[in-house]
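A short write-up of the structure that comes next.
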Amino acid sequence: MSPNDLVLYLQRIQVLPTQDFWWQPFGRTAIEVDVDGKRQVYQLDLAQQSLKVFQASSQTEMSGDFHLQQQFTLTKAQLAVLPQPAAALG
């Protein structure tokens, strides 16, 4: 899943902030989201069928420290709307 697909999926299942946010890829299955300086990482774990949300340390703005804030088990409905990989051409 591409980072863009991940953002669209997380918006579809309504877990991302509703206000304007800035985001960037954060590894293969995660994105970092910033809303007014509040940084969170959303990590999709398909093997565990879960979504983990990490909060950035408040000690410094540039800190790379993230601490687990929440973990959600994805519902069947949420798993059903996962983007499907494109079929191989050829």
Besides Met1, the hydrophobic cluster formed by Ile, Leu, Val, Met, Phe, Trp and Tyr side chains linked at under 4.5 Å, directly or via other members, contains Leu6, Val7, Tyr9, Leu10, Ile13, Val15, Leu16, Phe21, Trp23, Ile31, Val33, Val35, Tyr42, Leu44, Leu46, Leu51, Val53, Phe72, Leu74, Leu79, Val81, Leu82

Among residues at least two apart in sequence or on other chains, which ones pass side chain to side chain contact (heavy atoms under 4.5 Å, CB included) with [X]?
{"X": "Ser2", "value": "Asn4, Asp5"}
{"X": "Gln24", "value": "Trp22, Glu32"}
{"X": "Thr18", "value": "none"}

Counting only heavy atoms not in Gln19 (residues, nucleotides, ligands), do more than 12 fall under 6.0 Å from its CD?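 Atom CD in Gln19 is packed in, count exceeds 12.
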
Do the non-hydrogen side-chain atoms of Gln43 and Phe26 ever get within less than 4.5 Å of each other?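 In short, these two side chains do not touch, never coming nearer than 4.5 Å.
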
For Gln55, side-chain hydrogen bond (donor to acceptor under 3.5 Å, both in side chains) partners two or more places apart: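 Partners of Gln55 under the side-chain hydrogen bond (donor to acceptor under 3.5 Å, both in side chains) test: Gln40.
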
Pairs touching residues 11-29 that satisfy salt bridge (charged side-chain N to carboxylate O under 4.0 Å, His left out), sequence neighbours left out: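 Qualifying pairs: none.
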
